[in-house]
Amino acid sequence: MGTLKPLVIGDLVAKYPVIQGGMGVGISLSSLAGAVAKAGGVGIISTAQIGFKQPDFLKNPLEANLRAIGEEMKKAREIAPEGIIGFNIMVATKNYASYVKKAVIAGADIIISGAGLPVSLPEYVAEAAEEAGIKLKTKIAPIVSTVKSAMVICKMWDRKFNQAPDLVVVEGPLAGGHLGFSREDLSELGVDTADVEHTFLQAKYDEEVRGIIRLVREYGEKYNKVIPVVTAGGIYTHEDVMHQIDLGADGVQVATRFVTTEECDAPEEFKEAYIKSSKEDIVITKSPVGMPGRAIKNPFLDHVANTPFKLEHCYDCLEKCDRKTIPYCITKALISSAEGRTEDGLVFCGSNAYRAEKMETVEEVMKDLVFGE
């Protein structure tokens, strides 16, 4: 058992170096994020169609989502007044800038952004603070998966905004939901099989992680600041956490492990899908976002693989969505699952979802991840 240091992100200090990963639609909202922040980690609310429960969501999805950002942050703060709470905002989201600005005004401690490269994130957070007449305190963190993507974002922020990230999240190929890898990359790393545990070429990806850490350290030196690197994807146990720390990471981001907690915002049916799943049920699938994703094989995925899709209602959720060629509507598929209709929806998960055997509390999961207890 190793001893873990607090996670320091500028003037923010999390007692434990564990960030709870953002999960949408409706899986990581105020209840989960608040509980993780209260337990000493960093709680992250997903903004993906966050307003799906609002009465006007069908008619005005953007307004409903922006309103819900403020409401969810307020509820999370009530759970953890002193905790670190932020948002995960997908770059692929239509009206991305509006979501970022609303998160800053709502009082986000940090914005973590992936599903594309958050090239303009520094500009949007600065504009939000200026427009609202508030002091900018929101930290910003890109999600990267390769040295190449880390280099692109660090170089761009350096040249364009004369700044570096406050934190970098390295999301590996064992993560759930959308993945920052091509289908070919996933095959080369051995993570698109029915036995990922034994086929994953971990040493190969570990080298990539070390490369990203080296690169980020260079930018930290240039800007005379410590930029923590947090790794994500397939982190389920204390041993997994310690492996990442040994690689040089400052902390971890964990999502799947928190789904089967009492505090998670997901419906019971969603949590049960994890508990009932087997290793073979976890597959790589195609997403309308244009990236591969990892999910639990179910009747919905079987159906979309064999049935031509006809769009009935567009939620206008993605910046780039070819309505004529998409295999299914991502919003409808994720909301179905978030409302408990998991057989008719998309159930995103990480590669270790099948290891969930019972319901736990956030406190128990944090104890196990941090101390191996």
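Nothing here was measured: the structure is a model prediction, and the numbers come from that model. Residue numbers run from 1 in the order of the sequence given. Basis for what follows: all heavy atoms, side chains included, without hydrogens, waters or symmetry-related copies.
Residues Ile19 and Leu167 form a side-chain contact, since some pair of their non-hydrogen atoms from C-beta on lies under 4.5 Å apart. Between Asn298 and Leu301, some side-chain heavy-atom pair lies under the 4.5 Å cut-off. Looking at Leu32 and Met23, their side chains come closer than 4.5 Å, going by heavy atoms from C-beta outward. Taking 4.5 Å as the limit, every side-chain heavy atom of Cys349 sits out of range of all side-chain heavy atoms of Val259. Proximity of Lys297 to Asp302: side-chain heavy atoms (C-beta onward) are separated by under 4.5 Å at one or more points. Under the 4.5 Å side-chain criterion, counting only non-hydrogen atoms from C-beta, Pro165 is in contact with Cys154. Counting heavy atoms from C-beta on, the side chains of Phe300 and Arg341 never come closer than 4.5 Å. In this structure, the side chains of Leu117 and Pro142 stay at 4.5 Å or more apart for every pair of heavy atoms.
Side-chain N or O atoms of Trp157 include one that pairs as donor or acceptor with a backbone N or O of Val119 at under 3.5 Å. Of the possible polar contacts, none joining the Lys332 side chain to the Glu312 backbone as a donor-acceptor pair under 3.5 Å is found. Listed for the Ser30 side chain is no donor-acceptor partner under 3.5 Å among the backbone atoms of Lys75. For Asp240 (side chain) and His243 (main-chain N/O), no donor-acceptor pair under 3.5 Å exists by modelled atom type. Side-chain atoms of Asp250 come within 3.5 Å of backbone N or O of Val229 as a donor-acceptor pair. Under a 3.5 Å cut-off, the side chain of Asn352 and the backbone N or O of Tyr236 do not form any donor-acceptor pair. In this structure, the side chain of Ser145 engages the main chain of Glu171 through a donor-acceptor pair within 3.5 Å. Remark: the backbone N or O of Gly190 is paired with a side-chain donor or acceptor of Thr199 at under 3.5 angstrom. A distance-only check finds no donor-acceptor pair linking the side chain of Thr342 to the backbone of Phe270 [under 3.5 Å]. In this structure, the side chain of Arg257 does not engage the main chain of Leu369 through any donor-acceptor pair within 3.5 Å.
Contact record, Ile330 with Ser287: CD1-OG, 3.7 Å, taken as the closest heavy-atom pair. Taking every heavy atom of both residues into account, Ala76 and Ile45 meet most closely at CB-CD1, 4.1 Å. Of all non-hydrogen atoms in Ile296 and Ala273, the two that sit nearest each other are CD1-O, 3.6 Å. Scanning all heavy atoms of the two residues, the minimum distance from Val125 to Leu136 falls at O-CD1, 3.6 Å. Closest of all the heavy-atom pairs between Glu360 and Glu263 is O-OE1, 4.4 Å. Closest of all the heavy-atom pairs between Gln244 and Gln202 is NE2-NE2, 4.4 Å.
Atom NZ of Lys137 is surrounded by more than 12 heavy atoms from other residues, nucleotides or ligands within 6.0 Å. Atom CE of Met291 sits in a crowded spot, with more than 12 heavy atoms from other residues, nucleotides or ligands closer than 6.0 Å. Within a 6.0 Å radius of NZ in Lys53, no more than 12 heavy atoms belonging to other residues, nucleotides or ligands are found. In Lys38, the NZ atom is not crowded: 12 or fewer heavy atoms of neighbouring residues, nucleotides or ligands sit closer than 6.0 Å. Counting non-hydrogen atoms of neighbouring residues, nucleotides and ligands closer than 6.0 angstrom, the CG atom of Asn224 reaches no more than 12 such neighbours.
Using a cut-off of 4.0 Å between Lys/Arg side-chain N and Asp/Glu carboxylate O, Asp316 and Arg323 are scored as salt-bridged. We find that Asp109 and Lys139 are not joined by a salt bridge, their nearest charged nitrogen and carboxylate oxygen being 4.0 Å or further apart. A salt bridge links Lys74 to Glu78: at least one charged side-chain nitrogen sits closer than 4.0 Å to a carboxylate oxygen. Between Asp11 and Lys225, none of the side-chain N atoms (NZ, or NE/NH1/NH2) sits under 4.0 Å from a carboxylate O, so this pair counts as no salt bridge.
The hydrophobic cluster containing Tyr223 does not contain Val226, counting ILVMFWY residues as joined when their side-chain heavy atoms lie under 4.5 angstrom apart, directly or transitively. Note on Leu121 and Ile69: same hydrophobic cluster, where clusters join Ile, Leu, Val, Met, Phe, Trp and Tyr whose side-chain heavy atoms are under 4.5 Å apart, directly or indirectly. Under the 4.5 Å side-chain heavy-atom criterion for ILVMFWY residues, a single connected hydrophobic cluster contains both Leu247 and Leu174. In terms of hydrophobic clustering, with Ile, Leu, Val, Met, Phe, Trp and Tyr side chains grouped at heavy-atom distances under 4.5 Å, Tyr205 and Val168 are assigned to a common cluster. Under the 4.5 Å side-chain heavy-atom criterion for ILVMFWY residues, a single connected hydrophobic cluster contains both Ile50 and Ile111.
Between Leu62 atom CG and Gln49 atom CD the span is 9.5 Å, to the nearest 0.5 Å. Taken to the nearest 0.5 Å, the SG atom of Cys321 stands 4.0 Å off from the CD1 atom of Ile326. Note that CD of Gln163 and CD of Glu123 are 10.5 Å apart. Values are rounded to the nearest 0.5 Å. In this structure, Leu189 CG and Glu208 CD are separated by 8.5 Å, a value rounded to the nearest 0.5 Å. Here the CG-CG distance, from Leu186 to Leu179, works out to 6.0 Å after rounding to the nearest 0.5 Å. Between the NZ atom of Lys320 and the CG atom of Leu318 there is a distance of 11.0 Å, given to the nearest 0.5 Å.
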task: May I have the step-by-step check of salt bridge (charged side-chain N to carboxylate O under 4.0 Å, His left out) for Arg210 and Glu207, ending in yes or no?
output: CA-CA 5 Å; Arg210 287 190 188 98; Glu207 271 311 303; 2.6 Å; yes

Derivation of the side-chain contact (heavy atoms from CB on, under 4.5 Å) call for Lys358 and Ile275: CA-CA 7 Å; Lys358 63 181 194 302; Ile275 290 169; 5.6 Å; no

message: side-chain contact (heavy atoms from CB on, under 4.5 Å) for Ile284 and Arg294? Distances and angles first, verdict last.
response: CA-CA 5 Å; Ile284 300 294; Arg294 183 173 276 110; 3.6 Å; yes

Tyr99/Asn65 under side chain to side chain donor-acceptor pair (under 3.5 Å): CA gap, chis, key distance, verdict: CA-CA 8 Å; Tyr99 286 81; Asn65 287 336; 2.9 Å; yes

side-chain contact (heavy atoms from CB on, under 4.5 Å) assessment of Asp281 paired with Tyr354: CA-CA 8 Å; Asp281 292 332; Tyr354 71 94; over 6 Å; no

message: Using side-chain contact (heavy atoms from CB on, under 4.5 Å), reason through Leu4 and Met242 one step at a time and then give a plain yes or no.
response: CA-CA 8 Å; Leu4 297 173; Met242 293 317 297; 3.6 Å; yes

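Ser120 and Tyr96 share no donor-acceptor pair across their side chains, judged by distance under 3.5 Å alone.
Of the residues Val209, Val147, Ile143, the one that meets the side chain to side chain contact (heavy atoms under 4.5 Å, CB included) test with Val170 is Val209. Applying side chain to side chain contact (heavy atoms under 4.5 Å, CB included) to Met366 and the options Thr261, Val254, Val18 leaves one that passes, Val18. None of Val347, Ile27, Asp344 except one satisfies the side chain to side chain contact (heavy atoms under 4.5 Å, CB included) rule with Ser337; the exception is Val347.
Taking the ring centroids of Phe52 and Tyr315, they lie at or beyond the 6.0 Å cut-off.
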